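Note sheet for the following structure.
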Amino acid sequence: MDIDLRGLNPAPVTPFNRDGSVDYKAIQRLGSWLKSVDGVKSLTVLGHAGEGTFLSEKEQMKVIEAFVDSVNDEIPIIAGITREGTEVAAEECKNAVQAGAKAGLMYPSHGWLRFGYQKGAPQDKYRVCYEESGLPLILFQYPDVTKCTYDLETQLEIADQPGVFAMKNGVRNMKRWDTEIPVVRAERPDLQILSCHDEYLLHTMFDVDGLLVGYGNVAPELLVELIKAGKNKDYPKAREIHDKLLPVTSTVYHRGSHMEGTVALKHALVARGILEHATVRSPLLPLAEGADLEIKQALQSAGII
Ligand SMILES: N[C@@H](CC=O)C(=O)O
């Protein structure tokens, strides 16, 4: 498997027209701009930032196709795979392949968030989806506070399966991060490890191959620098970039809920001149009045615009 995600992997938003339909022209602008940033290795569409579960199946496929076109199929488009049941998720993987995706980011089944999972069930879901579709898959590690976070044994077993080549880790428990990442590295040396701790990336930057983040929509240039600093084990440089980005991180990700981050990303893309407006789909709601200005000022203070 030769998909190289060792760098920045933004998870683009899905732009909408004011009437709520998908804005394919804006996808072209967003995808081609992100691809033009040196260090961007792939785009993960239909994730949380991409409001993927708010789209119909037909729209999901068209969005994948549109992002593939936007990058001239020159970097991989990765599709969020969010369906709950294994067979329907395998169908979703096949759709993604048909639409041109080169890999899938497989979400845990929604019910596991509340009830947990039976031992072996995540492994089975990854196995069947890959066997039936041939779509290479990324292990998605959810936060420790959820019941669908994967224990170390489950991570290692999923990572050992054919087709699984990378992990997007958002465990948000630094004790687990510091103790589990070295074991995963040692036991699965080929697995590409990506952080997605958008709201406090700094701690994780010295252990990863790259980032798979919604944040990549709005500050790709500085995040590429942050990845480089982390790989060089250059803490002062990484800290400097972190501090520069902090106003942006705060106005986008230190909000009442991580979901609001998606709306904030769209405002930031308006401020960067990529989107014309920040229309989202329900159940996302507009941010409070003035948020757009705060986000614009944060981007200015970071020297991004
Ligand atoms: N960065 C978030 C949202 C992305 O999917 C995460 O940690 O999962």
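This structure is a prediction, so every number in the text was calculated from the model and none was measured. Side chains are part of it too, since the values below use all heavy atoms of this structure and drop only hydrogens, waters and symmetry mates. Throughout, numbering of the chain's residues begins at 1 and tracks the sequence. Atoms within each ligand, like the ligands themselves, are counted from 1 in listed order.
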Give me the pairs of N or O atoms, one from ligand 1 and one from the protein, that sit under 3.5 Å apart.
from     : atom 1 : to     : atom 2 : distance (Å)
ligand 1 : 1 (N)  : Cys196 : O      : 3.0
ligand 1 : 1 (N)  : Asp198 : OD1    : 2.5
ligand 1 : 1 (N)  : His258 : NE2    : 3.4
ligand 1 : 5 (O)  : His48  : ND1    : 2.8
ligand 1 : 5 (O)  : Lys168 : NZ     : 3.3
ligand 1 : 7 (O)  : Arg172 : NH1    : 2.8
ligand 1 : 7 (O)  : Arg172 : NH2    : 3.0
ligand 1 : 7 (O)  : Cys196 : O      : 3.3

Cut-off 3.5 Å, no hydrogens considered: what does the side-chain donor-acceptor table look like for residues 221-233, sequence neighbours left out?
from   : atom 1 : to     : atom 2 : distance (Å)
Glu221 : OE1    : Arg272 : NH1    : 3.0
Glu221 : OE2    : Arg272 : NH1    : 3.4
Glu221 : OE2    : Arg272 : NH2    : 2.7
Glu225 : OE2    : Lys228 : NZ     : 3.4
Lys231 : NZ     : Asp209 : O      : 2.8
Asn232 : ND2    : Lys228 : O      : 3.4
Lys233 : NZ     : Phe206 : O      : 2.5

Would you say the side chains of Thr149 and Asp144 form a donor-acceptor pair under 3.5 Å? no
Give me the ring orientation class for Tyr117 and Tyr150: parallel if the planes are under 30° apart, tilted from 30 to 60°, perpendicular past 60°. perpendicular
Check Asp292 with Lys296, please: is the shortest side-chain N to carboxylate O separation under 4.0 Å? no
Would you call Glu276-Arg18 a salt bridge at under 4.0 Å N-O? no
Please lay out, stage by stage, how Glu57 and Asn95 fare under the test side-chain hydrogen bond (donor to acceptor under 3.5 Å, both in side chains). CA-CA 9 Å; Glu57 178 177 326; Asn95 288 347; 3.2 Å; yes
